[in-house]
**Student:** 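Before anything else, here's the structure in question.
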Amino acid sequence: MNIQPEEISSIIKSKINEFKFDIDVTESGKVVQLGDGIARVYGLQDVMAGEMILFPGNVSGMALNLEEDNVGCIIFGDTTKIKEGDIVKRTHKILQVPVGDELLGRVVNPLGEPIDGKGEIKTTQFLPVERKALGVVHRQPVKEPLQTGIKPIDSMIPIGRGQRELIIGDRQTGKTAIALDTIINQKNTDVFCIYVAIGQKKSSVAKFVKTLEENDALSYTIVVSATAAESSALQYLAPYGACSMGEYFRDKGQHALIIYDDLSKHANSYRELSLLLRRPPGREAYPGDVFYLHSRLLERASKLSEDKGGGSLTALPIIETKAEDISAYIPTNVISITDGQIYLSTRLFFSGVRPAINAGLSVSRVGGSAQIKAMKKVVGQLRLDLAQYAELEAFSKFGSDLDKATLQQLRRGEKLIEILKQGQYQPIPVVKQIFIIFMANNGYLDQFDNELIGKIEEELFSILDSKYKDLMQTIEKSKLTDQILDKMHEVSKKVIERFKSEMK
């Protein structure tokens, strides 16, 4: 057999030419400790805070603690797929979530993955979970109302687009009910809604979604679910991911409403993670940055300047108190961050006043600038009248001989309390609210028993819908002129005439 040197050299040359010199450099580390949803990783020299980390078994995590000799990571998936000694890879990407119109009508987990069984979400847009809040130069004052359809809120504690209004109260006082009614009231408006369930029962979230479907409200809503069954890491991540989904609409010049239900459980999940990462505990074992935890989240809600498109993101955080203690650590923190609070009272709830809003302790720091002109004029003394009624009612229990003026004030107060009651899933348009408050303020309801007030309200609304649609549109768009007020008096007299004859 003859060996041809030329042949061998040509083969070697062709092999050299075909050789591809691609080096795949991925910075990797090794899991040195694992437990309770936390992994300590050695070797990720240049990892960034908040960077997404890939574990074996397609499980993702996030670098939260950057220490001298290791990195503390929180794990978002199934920890049983990971063991000590496993190789971990960097992604060189800060953790991000999918955003876009494609998420509307869907139930997703905090990573933006669908959990409603309706197939995958096809979106190409992503935003980082943690984003810096825009500076004051890029914002404008809150001046446009966001109607909730709930009489005591729209009249006394108005919410504006871009505001952060806290809903606070004990468990089972109707906090989620207010959030749900507000979402339902955004039907046929230009507001998109995001509801974040943190540490709720799965059954409660399923019930919430079913109610949205029944009221045709799911089509413009994203539900982000991190239930009590999920890890603390996912519960901690949920509000930030959901906020990025809301910011997508805001940055496009559209309007969004986000509800965090609730931030007490969010603080608890962060406390758990911090203690597992061996961060020094502070008051009530919360870490030192628990205020920053919520302030950096809520500060992202804003009304953008016209140069930035004029979009808005309105936040309604919910806080659960224990034994009506609003001076506890987390409640006082969030009260100091937000632009007011809606306080729900257990006493009012069980005495039949629903929604159980305590007008004395509730406040909106935006005030009348988030109300239409007609509502601002009609409401006027409403809060003061209710406060005086509460004082007189307590006083009247001590004595029976009350003068005529006091009795009249008590009667008026009773009627005001009665008209502010409202059933669940029944948001009321703002003009109808103005009308019923106008009737109560002008003494049209004083002569009737409380049992009749609901029927009078129904009669008023049906007359307005059938005969006075033009008047309703005028009230919504303009000031209350003498001519409009005369017309309102005329409608009020028509409504009560029928009930006067019934009383006789």
Side-chain angles (χ1 to χ4, degrees), residues 26-34 36-55 58-77 79 82 88-99 108-113 125-135 194 196 198 224 226 230-248 251 258 260 263 266-280 286-301 313:
T26 54
E27 195 179 323
S28 60
K30 191 181 277 190
V31 177
V32 290
Q33 193 185 353
L34 182 75
D36 300 310
I38 300 289
R40 291 202 173 272
V41 178
Y42 173 77
L44 299 177
Q45 249 357 80
D46 300 318
V47 74
M48 300 177 282
E51 186 179 330
M52 193 172 175
I53 308 293
L54 285 179
F55 290 89
N58 209 19
V59 176
S60 60
M62 183 173 88
L64 206 62
N65 257 32
L66 306 184
E67 293 174 27
E68 223 173 302
D69 55 348
N70 68 69
V71 176
C73 299
I74 54 175
I75 302 165
F76 297 129
T79 53
I82 308 164
V88 179
K89 289 180 184 174
R90 278 186 68 189
T91 60
H92 299 274
K93 281 183 190 170
I94 295 294
L95 189 65
Q96 51 187 20
V97 287
V99 296
V108 297
N109 71 6
L111 295 166
E113 297 161 349
Q125 292 166 293
F126 290 82
L127 281 176
V129 166
E130 293 267 13
R131 294 177 80 198
K132 193 180 174 187
L134 287 165
I194 299 111
V196 196
I198 309 159
V224 180
E230 308 287 354
S231 67
S232 293
L234 281 172
Q235 288 182 46
Y236 158 71
L237 186 71
Y240 299 105
C243 192
S244 294
M245 293 170 195
E247 283 176 327
Y248 162 80
D251 295 346
I258 186 161
Y260 304 110
L263 291 187
H266 181 239
N268 291 346
S269 67
Y270 185 59
R271 172 169 63 183
E272 189 179 318
L273 290 176
S274 298
L275 292 171
L276 288 167
L277 287 164
R278 303 215 173 269
R279 290 182 176 179
Y286 288 105
D289 62 341
V290 76
F291 182 89
Y292 179 57
L293 172 81
H294 290 148
S295 63
R296 75 176 189 263
L297 170 70
L298 294 169
E299 200 56 41
R300 287 163 71 177
L313 178 63

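Given the structure is predicted, the values throughout are model-derived calculations rather than measurements. Computation of the quantities below employed the complete heavy-atom set of this structure, encompassing side-chain atoms and omitting hydrogens, waters and symmetry-equivalent molecules.
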**Student:** According to side-chain contact (heavy atoms from CB on, under 4.5 Å), who are the partners of R131, at least two apart in sequence or on a separate chain?
**Tutor:** L127, P128, S244, E247, D251, R300

**Student:** L34 versus I75: any side-chain heavy-atom pair under 4.5 Å?
**Tutor:** yes

**Student:** Test: salt bridge (Lys or Arg N to Asp or Glu O under 4.0 Å). Region: residues 36-54. Which pairs qualify, not counting sequence neighbours?
**Tutor:** R40-E67, E51-R90

**Student:** Side chains of V47 and V41, heavy atoms from C-beta outward: is any pair under 4.5 Å?
**Tutor:** no

**Student:** Looking at every heavy atom in both L44 and S28, which two are closest together, and how far apart are they?
**Tutor:** CD2-C, 3.6 Å

**Student:** Using the salt bridge (Lys or Arg N to Asp or Glu O under 4.0 Å) rule, collect all pairs that involve residues 233-246, keeping only residues at least two apart or in two chains.
**Tutor:** none

**Student:** Please report the closest heavy-atom contact between P110 and V97, naming both atoms and the distance.
**Tutor:** O-CG1, 3.4 Å

**Student:** Considering non-hydrogen atoms only, spot the tightest contact between A49 and I94 and give its length.
**Tutor:** O-CD1, 3.5 Å

**Student:** Apply side-chain contact (heavy atoms from CB on, under 4.5 Å) to L313 and C243, showing your working.
**Tutor:** CA-CA 9 Å; L313 178 63; C243 192; 4.0 Å; yes

**Student:** Other residues, nucleotides and ligands only: do more than 12 of their heavy atoms fall within 6.0 Å of CG on N58?
**Tutor:** no

**Student:** Where is the tightest heavy-atom contact between Y286 and A267, given as atom of each residue plus distance?
**Tutor:** CE2-O, 3.6 Å

**Student:** So does Y240 get a backbone contact from the side chain of E130, meaning a donor-acceptor N/O pair under 3.5 Å?
**Tutor:** no

**Student:** Would you call the rings of H266 and Y236 parallel, tilted or perpendicular, where under 30° means parallel and over 60° means perpendicular?
**Tutor:** parallel

**Student:** Quick check: does any side chain N or O of T91 sit under 3.5 Å from a backbone N or O of M52, one acting as donor and the other as acceptor?
**Tutor:** yes

